[in-house]
Asks: 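Could you have a look at this structure, given as structure tokens, before my questions?
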Amino acid sequence: MMKRSKIFKYKYPILLFIIMTSFFTVHIVKAVTAVSPEPGTENDPVVSQSYVDQKVGEIAAKLETANTTISDLTKKLTEASDKITKLTASNDAMSKQLKEVDPESFKFQPLELKAGQKLIAGASTEIILRSGSAKAISGTYGGLSDITAAKSADLTTGAPIALNHLLLVSRDDGRGITAVTGCWLIVKGTYKIADK
């Protein structure tokens, strides 16, 4: 009798415990099923093989386009690199040529010739007789151009050279002057001196 009255005494807490346990069990099951959607439902649709093949095809096409673009860019980069290499080589060659040019060759230099000496000039050399007497020497293709006199005919071998006239040697073909007496010149360009 005593046992029965004790059970009735805890009847409501036990009942409350059973209800609470049932409530939480139902909600836990719902939560677990909500996290993992069932295959074939709206949240986890079944996909056909043709759909997968289509998507794989689209991705493959995009990869091929990207590869083509990369290939084109690589080709252009190679072409640009080749041009840079050629320009660098050209620039190096021009720099080397500039270093070989004597800056003094762009200035008039005084030069003394003794009687009988010859000055054989290179192409584009300019000569001005400042004192003394000299005669022209023709080359293979013509004589000296007397720029100051502005004559159409060249000074050929043996022609006297006037003082302070600018003479131009157009070719490197043996043109020059012969000093009749000791004389002073100013010369710009390349030349060589020959004794008689």
Side-chain angles (χ1 to χ4, degrees), residues 35-37 39-40 42-113 117-130 136-157 161 164-177 184-195:
V35 170
S36 302
E42 184 178 327
N43 293 330
D44 187 12
V46 174
V47 179
S48 67
Q49 181 65 38
S50 62
Y51 177 78
V52 172
D53 291 344
Q54 178 189 352
K55 292 298 177 186
V56 168
E58 289 173 4
I59 291 170
K62 287 180 181 177
L63 283 175
E64 187 172 330
T65 301
N67 284 336
T68 302
T69 302
I70 290 170
S71 177
D72 291 345
L73 290 174
T74 302
K75 184 179 176 185
K76 288 180 180 177
L77 187 61
T78 302
E79 290 172 357
S81 178
D82 290 345
K83 287 180 181 177
I84 289 171
T85 301
K86 288 178 183 175
L87 287 173
T88 301
S90 176
N91 187 38
D92 290 346
M94 290 178 68
S95 294
K96 184 179 177 184
Q97 288 176 349
L98 284 175
K99 287 179 183 175
E100 292 173 356
V101 172
D102 180 10
E104 293 299 316
S105 67
F106 294 108
K107 297 179 182 176
F108 277 103
Q109 300 291 328
L111 177 68
E112 182 180 17
L113 290 181
Q117 284 187 315
K118 295 179 181 177
L119 179 145
I120 306 301
S124 301
T125 297
E126 297 170 80
I127 304 166
I128 299 175
L129 178 63
R130 298 285 292 151
I137 301 172
S138 297
T140 305
Y141 301 104
L144 303 174
S145 297
D146 186 343
I147 304 298
T148 306
K151 292 182 179 176
S152 59
D154 287 347
L155 298 176
T156 57
T157 300
I161 296 175
N164 297 315
H165 277 216
L166 176 62
L167 305 176
L168 175 64
V169 178
S170 59
R171 292 187 180 195
D172 188 9
D173 62 353
R175 300 175 204 203
I177 64 170
W184 278 94
L185 318 166
I186 54 174
V187 182
K188 180 167 65 175
T190 58
Y191 62 87
K192 59 185 178 183
I193 304 296
D195 291 324

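Keep in mind it's a predicted model, so treat the numbers as computed, not measured.
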Asks: Kindly check if the number of other-residue, nucleotide or ligand heavy atoms within 6.0 Å of CD (E64) is above 12?
Replies: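 No, CD of E64 has 12 or fewer neighbouring heavy atoms, counting only those of other groups under 6.0 Å.
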
Asks: Hey, could you give me the CD1/CG distance between I120 and D172, rounded to the nearest 0.5 Å?
Replies: 10.0 Å

Asks: Side-chain contact test, heavy atoms from C-beta onward, threshold under 4.5 Å: evaluate it for K96 versus K99 and give yes or no.
Replies: no

Asks: Roughly how far, to the nearest 0.5 Å, is CG of L98 from CE of M94?
Replies: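 Atom-to-atom, M94:CE and L98:CG are 6.5 Å apart.
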
Asks: Using the side chain to side chain contact (heavy atoms under 4.5 Å, CB included) criterion, which residues pair with A149? Sequence neighbours excluded.
Replies: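 So A149 forms a side chain to side chain contact (heavy atoms under 4.5 Å, CB included) with D146, K151, H165.
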
Asks: Below 3.5 Å, can you tabulate the donor-acceptor pairs from side chains in residues 72-84 to any protein atom, sequence neighbours excluded?
Replies:
from : atom 1 : to  : atom 2 : distance (Å)
T74  : OG1    : I70 : O      : 2.7
T78  : OG1    : T74 : O      : 2.9

Asks: Would a distance-only check, ignoring hydrogens and angles, find a side-chain to backbone donor-acceptor pair under 3.5 Å from D154 to G142?
Replies: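 A pair under 3.5 Å: no.
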
Asks: Please report the shortest heavy-atom distance between L144 and G176, naming the atom on each side.
Replies: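 Result for this residue pair: CD1-O, 3.3 Å.
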
Asks: What residues, two or more places apart in sequence or in another chain, satisfy side-chain hydrogen bond (donor to acceptor under 3.5 Å, both in side chains) together with T157?
Replies: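 Result, side-chain hydrogen bond (donor to acceptor under 3.5 Å, both in side chains) vs T157: S138.
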
Asks: Taking only residues two or more places apart in sequence, or in another chain, which ones meet E126 in a salt bridge (Lys or Arg N to Asp or Glu O under 4.0 Å)?
Replies: K188

Asks: The criterion is side chain to side chain contact (heavy atoms under 4.5 Å, CB included); which residues satisfy it with I193, sequence neighbours excluded?
Replies: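 Counting only residues at least two positions away or on another chain, I193 forms a side chain to side chain contact (heavy atoms under 4.5 Å, CB included) with L111, L113, Q117, L119, Y191.
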
Asks: Of all residues at least two apart in sequence or in a different chain, which pass the side chain to side chain contact (heavy atoms under 4.5 Å, CB included) check with V56?
Replies: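 Listed in chain order: V52.
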
Asks: Using 0.5 Å steps for rounding, measure from the NZ atom of K86 to the CG atom of N91.
Replies: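 Result: 16.0 Å between the selected atoms.
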
Asks: Mind listing the closest non-hydrogen atom pair of T125 and T190 along with its distance?
Replies: OG1-O, 2.7 Å

Asks: Report the residues that fulfil side chain to side chain contact (heavy atoms under 4.5 Å, CB included) with I128, sequence neighbours left out, ordered by chain and then residue number.
Replies: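 Partners of I128 under the side chain to side chain contact (heavy atoms under 4.5 Å, CB included) test: F108, R130, N164, L166, I186.
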
Asks: Please list, chain by chain and in numerical order, all residues satisfying side-chain hydrogen bond (donor to acceptor under 3.5 Å, both in side chains) with S170, sequence neighbours excluded.
Replies: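 So S170 forms a side-chain hydrogen bond (donor to acceptor under 3.5 Å, both in side chains) with R175.
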
Asks: Mind checking what makes side-chain hydrogen bond (donor to acceptor under 3.5 Å, both in side chains) contact with S48, not counting sequence neighbours?
Replies: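 Applying side-chain hydrogen bond (donor to acceptor under 3.5 Å, both in side chains) to S48 gives S50.
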
Asks: Keeping the roles fixed (side chain from T65, backbone from A61), state whether a donor-acceptor pair exists under 3.5 Å.
Replies: yes

Asks: What's the separation between atom CD1 in I147 and atom CG in L168, rounded to the nearest 0.5 Å?
Replies: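 Reported value, rounded in 0.5 Å steps: 5.0 Å.
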
Asks: Just to verify, what does K107 make a salt bridge (Lys or Arg N to Asp or Glu O under 4.0 Å) with, not counting sequence neighbours?
Replies: E104

Asks: Mind checking what makes side-chain hydrogen bond (donor to acceptor under 3.5 Å, both in side chains) contact with Q49, not counting sequence neighbours?
Replies: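 Partners of Q49 by the side-chain hydrogen bond (donor to acceptor under 3.5 Å, both in side chains) criterion, ordered by chain and then number, come out as D53.
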
